[in-house]
Amino acid sequence: MEKVNVIVNIASIKKAYRDKWGEDIPFDLSDQDWCKNYLAEENKKRTTADNAVMRKRNKYRFYNNSLWSGDPVKFTFADWDVHKQPDVDLARHTGNKAYILAKGIAEKPINVLMLGNPGTGKTSLAVAMMHRLQEEFDMTTMLVSTDSMSRMFSHMYDSPDAAKTKYQMKLLVKAMIEVDVLVLDDFGTEGGMRGAIREVRKDMQERLYDVADARFGKKSTIVTSNNTTAELSQMYNAKLLSRLITRNDDHKITFDGMEDVRASMI
């Protein structure tokens, strides 16, 4: 009797499949070993697809939690117009070096330093590197404006929403530690512009040290700054800078000789 029920169930399944898809079911349901293998393979495909979806969501979750100084910047290497600079060869060399360093980051954890005057394209190229690392190498990226981060620290004590800001800071620092590639944008602005340098507040230095120490040798960090390394040393503790600012010239991009493109748009 039990065998008859199995046959009836198989027949019902075959009919339901034919009614839905308009064709016979493509395997023998009576072959239990084959069915087990088929279901295991289908489950593997589904799990792989689900993991890919989760990875994609996770990738953009970090990026979407970036802390910008203004509106988010959208920029790719295709947008790098060398003809906006008077020295086209220099602009091309600068863009190419950023492009190559992005691939270097995909191969192993390194820190990159981008130094130069405001408006010369540091943030744009850093964002282009982020875009390439996301799309070509499936890495998570996020950008944090240290000037905006500094303002958050002020709001943690001088704002009606202090408790909320403290919680947001906790989440931000956690993400900064976990993300594959972190961009610290306009690093040093929080310590003053040239000629008016001051030491950065202690609590911010401590949190940035936590981030830099956790990432050192394990994950890549890109630093853009309008300040010189000598000025940065007046703002920040040497232990932090030693974990954050690369001494490898191959990992540095200087924007000397580049003009302020942003000012020309005003």
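What you see is a predicted model; the values in this text were computed from it and never measured. Just the heavy atoms: all of them, side chains too, but no hydrogens, waters or symmetry mates, feed the values below.
The two atoms that bring P118 and D260 nearest to each other are O-CG, 3.4 Å, heavy atoms only. A pairwise comparison of heavy atoms in S225 and F187 identifies OG-O, 2.6 Å as the closest pair. Across every non-hydrogen atom of L208 and M149, the tightest pair is CD2-SD, 4.0 Å. Taking each heavy atom of R198 and M235 in turn, the nearest pair found is O-CG, 3.6 Å. The minimum heavy-atom distance between L143 and S66, with the atom names listed, is N-OG, 2.9 Å. S69 approaches S145 most closely through the heavy-atom pair CB-OG, 3.5 Å.
For the residue pair R151/S154, the side-chain donor-acceptor check at 3.5 Å is not satisfied.
The shortest side-chain heavy-atom distance between M169 and M156 falls under the 4.5 Å cut-off. In this structure, T140 and M142 have side chains that are not in contact, with every pair of non-hydrogen atoms separated by 4.5 Å or more. N65 places none of its side-chain heavy atoms less than 4.5 Å from the side chain of L172. Between T254 and L113, every side-chain heavy-atom pair lies at or beyond the 4.5 Å cut-off. Using a 4.5 Å cut-off on side-chain heavy atoms (C-beta onward), Y236 and E199 make no contact. Side-chain atoms of T141 and V183, non-hydrogen and from C-beta on, never get closer than 4.5 Å to each other. M176 is not listed as a side-chain neighbour of D210, based on a closest heavy-atom distance of 4.5 Å or more. Side-chain contact between D89 and R92: present, with at least one pair of heavy atoms (C-beta onward) separated by less than 4.5 Å.
Remark: K239 is positioned above the aromatic ring of Y209, its terminal NZ or CZ atom under 6.0 angstrom from the ring centre and at most 45 degrees off the axis.
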Run N237 and L241 through side-chain contact (heavy atoms from CB on, under 4.5 Å) and show every step you take.
CA-CA 7 Å; N237 185 283; L241 294 181; over 6 Å; no

Step-by-step side-chain contact (heavy atoms from CB on, under 4.5 Å) determination, L125 to F77
CA-CA 7 Å; L125 281 182; F77 282 107; 4.0 Å; yes

Under the side-chain contact (heavy atoms from CB on, under 4.5 Å) rule, what do N248 and I110 come out as? Steps first, then yes or no, please.
CA-CA 10 Å; N248 187 336; I110 61 173; over 6 Å; no

Worked verdict on D186 versus D147 for side-chain contact (heavy atoms from CB on, under 4.5 Å)
CA-CA 7 Å; D186 281 342; D147 186 43; 5.5 Å; no

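To the nearest 0.5 Å, the span separating OG1 on T146 from CG on L184 amounts to 6.5 Å. Rounding to the nearest 0.5 Å places CG of D81 at 11.5 Å from OG of S124. D180 CG to M139 CE: the interatomic distance, rounded to the nearest 0.5 Å, is 4.5 Å. Atom CG of N111 sits about 9.0 Å away from atom NE2 of H251, to the nearest 0.5 Å. Here L182 contributes atom CG and L244 contributes atom CG; the two are 8.5 Å apart, rounded to the nearest 0.5 Å. To the nearest 0.5 angstrom, L232 atom CG is 5.5 Å from I245 atom CD1.
No side-chain donor-acceptor contact under 3.5 Å links R243 to the backbone of V211. A donor-acceptor pair under 3.5 Å is absent between the side-chain atoms of D185 and the main chain of V144, judged by distance alone. With hydrogens and angles ignored, the 3.5 Å screen pairs no side-chain donor or acceptor of E259 with any backbone N or O of T120. The backbone N or O of F75 sits nowhere less than 3.5 Å from a side-chain atom of D79 that would complete a donor-acceptor pair. The closest donor-acceptor contact from the side chain of K122 to the backbone of N117 lies under 3.5 Å. Panel note: side chain E206, backbone M204; no donor-acceptor pair is recorded below 3.5 Å. A donor-acceptor contact shorter than 3.5 Å links the side chain of T165 to the backbone of D161.
The one candidate from L101, T94, I100 that meets the side chain to side chain contact (heavy atoms under 4.5 Å, CB included) condition with K97 is L101. Put simply, the residue from N227, V200, I197 that forms a side chain to side chain contact (heavy atoms under 4.5 Å, CB included) with Q234 is I197. Among E136, Q134, E135, the single residue meeting the side chain to side chain donor-acceptor pair (under 3.5 Å) criterion with R132 is E136. A side chain to side chain contact (heavy atoms under 4.5 Å, CB included) with V82 is found for one member of V88, D87, N96 and no other, namely V88.
Contacts classified as ring pair (Phe, Tyr, Trp, His ring centres under 6.0 Å) and involving residues 145-172 (residues at least two apart or in different chains) are not found.
Criterion: ILVMFWY side-chain heavy atoms under 4.5 Å apart, direct or through other members. Under it, W68 and M129 are part of a common hydrophobic cluster.
Between R207 and D203 there is no salt bridge, since none of the side-chain N atoms of the basic residue sits less than 4.0 Å from a carboxylate O of the acidic one. Using a cut-off of 4.0 Å between Lys/Arg side-chain N and Asp/Glu carboxylate O, K252 and D249 are scored as salt-bridged.
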